[in-house]
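Small disclaimer: the values here were computed from a predicted structure and weren't measured. Both backbone and side-chain heavy atoms feed into the values below; hydrogens, waters and symmetry mates do not. To find a chain, count down the sequence lines: A is the first, B the second, and so on, and within it residues start at 1.
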Amino acid sequence: MKLWSQFFIPTLKESPADADITSHKLLVRAGLVRKLAGGLYTYLPLGLRVMRKITQICREEIERGGGIELEMPHLHPVENWQHGPRWPAAREIMFRADSAGDGKRPSREPEFVLGPTHEEVITPLVKAEITSYRDLPKNFYQIATKFRNEIRPRYGLMRAREFVMMDAYSFDVDDPHAIVSYQRMKAAYEAFFRRIGAHAIAVEADTGVMGGSFSHEFMVPAEVGDDDVIYCEASGYAANREKATSALVPKDLADAAPVGATELFPTPGIVTIAALEAAPYSVPADQQFKTLVFMGDGKPFVVILRGGDELEEAKLGSLGFTLFRPATPEEIEPVMGARPGSLGAVRGTIKNAGALAGVFADYAIRLIGNGVTGANQDGHHLRNVNVARDLAVTKFGDFRRVRPGEPCPLSGQPLQVRRGIEVGHIFKLGTKYSEKYGAAYTDDQKQSHPMVMGCYGIGIGRTMQAVIEQSHDADGIVWPWAIAPYQVLVCVLDPQLPEAMELATRLAAAAEAAGADVLVDDRAERPGVKFKDADLIGIPLRVTIGGKGLKEGIIELKARTSKDVRKVPLAEAETQLAAAVHSCRGVA
RNA sequence: CGGGGCGUAGCUUAGCCUGGUAGAGCGCCUGGUUUGGGACCAGGAGGUCGCGAGUUCGAAUCUCGCCGCCCCGACCA
């Protein structure tokens, strides 16, 4: 039992000026966190208790899923990263931690970096320690602070620069076994989110810079989320916008026949899809080819989409470039022969086709059949361009962004979209890291193979905030039992009465014996203040002891989720409180 | 990194346009009255007006630079 007067819960009546989403305001108002600087937060005692409860449940479920806990350094020698597969992309978001000005190194590269995640540490460890198939599978995890120099920290703990994350790494002998490890972790995640009272759904996700073959994100649906989830209720299909596909292009679609020879026509000053849609040209957007040029690891490449479609840049990750970005007009002109607005990929019109790393076409352009595209001469376009006959396509792929309403790839029903907060992510990594670091094992035929890896993350602080986002009311937080900082609040309205405090102590003991953490509000505050604070900090079960009630011989029980107050005779107070605690624990 | 906004007491903020005394509410301290949903009265403490230059007799207020914070976009392991 903890006495409020001897604890530290700095609640606020007013919302801080720099918070604008509910969960962020409540984190601060309920005295859970305080900001040090952008994206950097102190966990106050109450917030720390919630974090601890979440990490403990996480630990239990990951262990159940086969995880073995260890703890790796936060400070990494930069060499570990330089030798890894994603140094160019990762260095941008890493904080550097130079040893204090010893002048021994050029200042361009740090000696150490603060770890944003730990593939670069765990893989060399496993390479050194595990060499036999007999020692596999293994799944190592830790719950530790991570550092990422987010371009834009925001929404409190939602996107912080320093944050607590559970990260796990599985090592298996082959793909089928790796999939088993992956499925076990997926089940562990589902159990974890269920136990803490968060409604999280698994959605197919893009693998991004991580690489790897497939992955799921765990999303808590919320309007303030950073990500769009595309889903179909009929089939259960759910995917991150970056990954989502639709059945827009029929699988059995035949190539359209040419309608005539390609024909050059002047389009002075026309550099947008919309302008070509207007009179006098009147070419519908989806009869135009949109031609984009990117730089991938220093070489230009071309992406072709339908005029009305948008590129989903994340999908370009499947092309295998380590780093890519849109090309500048200055980079485009020498290769294509024209500036953006007049670009196309018709064979023979590209000025220096040899310089290209490839021409990648979205499947949906096959729906165009014959259309209009830039001629690679400023102010000119080509019509009667036939997809199969005329375009210099290296490879078709899915590069477009799906729109709500398009047919679900599984059921054909219209897809829907909603916002969500990403609280966890699981990847089947494959051998990208094990090959790079030489993490291999010897099988029973004395053959060496790279280990097949998976990696898994859960944002602990973000999960805490996501729970607040989906579990609050006008008065404050409504904590699920399992992660409430305290589960029972004994509200002593007249703490100066010795019999009131004596009763509070007895009831607290009874609740603790029943398995609850108990906070006793013994402050010399008016009742209104205590009730408002109680609602704000969201303790699931409230026991009220007042001078009036004592005279009547009753105490009161109230659930945070309900308006109903139950009056309980003093003689039954301990047993009824214990029964209420048991019933809450059962539900949770 | 681009666009926009904001920095005044622990918190929320007024004042700035039109230069001249820095104000309120909450919180805090003292005393009193209260005491079941953020009480009331009286008194009090608390401010380099983000930092630095400049203009001016005089700058919270006008100008420039810097820093910090928030929002939108881009980005996001």
Problem set entry | B:C62 versus B:C16 - spacing of their P atoms, nearest Å | 9 Å
Problem set entry | Spacing of the P atoms in B:U33 and B:G50 (rounded, Å) | 43 Å
Seminar exercise, completed: Here the salt bridge (charged side-chain N to carboxylate O under 4.0 Å, His left out) pairs for residues 149-163 of chain A, sequence neighbours left out, are A:Arg159-A:Asp226
Would you tabulate the side-chain donor-acceptor contacts of residues 539-558 of chain A under 3.5 Å, counting partners in other chains and residues two or more places apart, or write 'none'?
from: A:Arg542; atom 1: NE; to: A:Thr544; atom 2: OG1; distance (Å): 3.4
from: A:Lys558; atom 1: NZ; to: A:Ser562; atom 2: O; distance (Å): 3.0

Problem set entry | Residues that A:His118 engages under ring-ring contact (aromatic ring centres under 6.0 Å, His included), provided they are two or more places apart | A:His76
For this session: Look at the side chain of A:Trp81 and decide which nucleotide, out of B:A77, B:C76, B:C71, has an atom nearest to it.
Result: B:A77
Exercise. NA contact type, A:Gly549, heavy-atom cut-off 4.0 Å: base, sugar-phosphate, or nothing?
Worked result: base
For this session: Could you work out which one of B:C69, B:U13, B:C75 sits closest to the side chain of A:Ala17?
Result: B:U13
Seminar exercise, completed: Among the nucleotides B:C76, B:A77, B:C69, whichever has the atom closest to the side chain of A:Ala37 is B:C69
Seminar exercise, completed: When pairs are called at under 3.5 Å and a stem needs at least three consecutive Watson-Crick or G-U pairs, the stems of RNA chain B are B:1-7 with B:67-73, B:10-13 with B:23-26, B:28-33 with B:39-44, B:50-54 with B:62-66
Problem set entry | Salt-bridge present (A:Arg86, A:Glu119; N to O < 4.0 Å) | yes
Problem set entry | Rounded interatomic separation in angstrom, taking CZ from A:Arg241 and P from B:C75 | 13 Å
Seminar exercise, completed: Expected string for nucleotides 38-51 of chain B under the B/S/- scheme (protein heavy atoms, under 4.0 Å, primed atoms plus P, OP1, OP2 as sugar-phosphate) is BB------------
For this session: Taking the six-membered ring for Trp and the single ring otherwise, decide whether the centroids of A:Tyr456 and A:Tyr141 are under 6.0 Å apart.
Result: no
Exercise. Between A:Phe218 (CZ) and B:A77 (P), how many Å, whole number?
Worked result: 17 Å
Exercise. Looking only at atom P, what distance separates B:C66 and B:C71, rounded to whole Å?
Worked result: 23 Å
Exercise. Who are the side-chain hydrogen bond (donor to acceptor under 3.5 Å, both in side chains) partners of A:Thr463, not counting sequence neighbours?
Worked result: none
Output one line per pair: protein atom, nucleotide atom from nucleotides 2-8 of chain B, and distance, for all N/O pairs under 3.5 Å.
none

Exercise. A:Phe163: what forms a ring-ring contact (aromatic ring centres under 6.0 Å, His included) with it, not counting sequence neighbours?
Worked result: none
Exercise. Using the P atom in both, what is the distance from B:C6 to B:U63, to the nearest Å?
Worked result: 12 Å
For this session: Consider the side chain of A:Arg152, meaning its heavy atoms from C-beta on, and name the nucleotide among B:A77, B:C71, B:G37 that approaches it most closely.
Result: B:C71
Exercise. Within this structure, what is the CZ-to-P distance between A:Arg161 and B:C76, rounded to whole angstrom?
Worked result: 18 Å
Seminar exercise, completed: Hits for ring-ring contact (aromatic ring centres under 6.0 Å, His included) against A:Phe531, two or more places apart or cross-chain, chain-then-number order -> none
For this session: Would you mind reading off the distance between A:His76 atom NE2 and B:A77 atom P, rounded to a whole angstrom?
Result: 18 Å
For residues 485-493 of chain A, which side-chain N or O atoms pair as donor and acceptor with protein atoms under 3.5 Å away, sequence neighbours left out?
from: A:Gln487; atom 1: OE1; to: A:Asp517; atom 2: N; distance (Å): 2.9
from: A:Gln487; atom 1: NE2; to: A:Trp481; atom 2: O; distance (Å): 3.0

Problem set entry | Set of side-chain contact (heavy atoms from CB on, under 4.5 Å) partners for A:Glu331, sequence neighbours left out | A:Met295, A:Arg325, A:Ala327, A:Thr328
Problem set entry | Distance-only side-chain donor-acceptor flag, A:Gln82 / A:Arg91, under 3.5 Å | no
Exercise. With rounding to whole Å, what would you report as the distance between B:C26 and B:C69 at their C1' atoms?
Worked result: 22 Å
For this session: Considering just the side-chain nitrogens and oxygens of A:Lys35, establish if one lies under 4.0 Å of OP1 or OP2 belonging to B:C70.
Result: yes
For this session: Would you indicate, yes or no, if B:C72 has its OP1 or OP2 atom less than 4.0 angstrom from a side-chain nitrogen or oxygen of A:Arg154?
Result: yes
For this session: Take atom NZ of A:Lys25 and atom P of B:C70, then tell me their distance rounded to the nearest Å.
Result: 14 Å
For this session: Please state the P separation for the pair B:G5 and B:U48 - nearest whole angstrom.
Result: 28 Å
Exercise. Is the distance from OP1 or OP2 of B:A77 to the nearest side-chain N or O of A:Tyr433 less than 4.0 Å?
Worked result: no
Exercise. Who pairs with A:Tyr169 by ring-ring contact (aromatic ring centres under 6.0 Å, His included), at least two apart in sequence or on another chain?
Worked result: none
Problem set entry | salt_bridge(A:Arg400, A:Glu310) N-O dist < 4.0 Å | no
Seminar exercise, completed: Here the distance between atom P of B:G10 and atom CG of A:Leu36, to the nearest Å, is 17 Å
For this session: Write down the distance between CD1 (A:Ile93) and C1' (B:A77), rounded to a whole number of angstrom.
Result: 7 Å
Exercise. With ring centroids as reference points, do A:His216 and A:Phe218 lie under 6.0 angstrom apart?
Worked result: no
Exercise. Looking only at atom C1', what distance separates B:G31 and B:G15, rounded to whole Å?
Worked result: 33 Å
Exercise. Starting at CD of A:Glu242 and ending at P of B:C75, how long is that distance when rounded to a whole Å?
Worked result: 9 Å
For this session: Would you classify A:Glu313 as touching base, sugar-phosphate or nothing, given that sugar-phosphate means primed atoms plus P, OP1 and OP2, and contacts are heavy atoms under 4.0 Å?
Result: sugar-phosphate
Exercise. Reckon A:Tyr155 touches a base, only the sugar-phosphate, or nothing at all at heavy-atom distances under 4.0 Å?
Worked result: sugar-phosphate
Problem set entry | Check: B:A77 base within 3.5 Å donor-acceptor of A:Arg86 side chain | yes
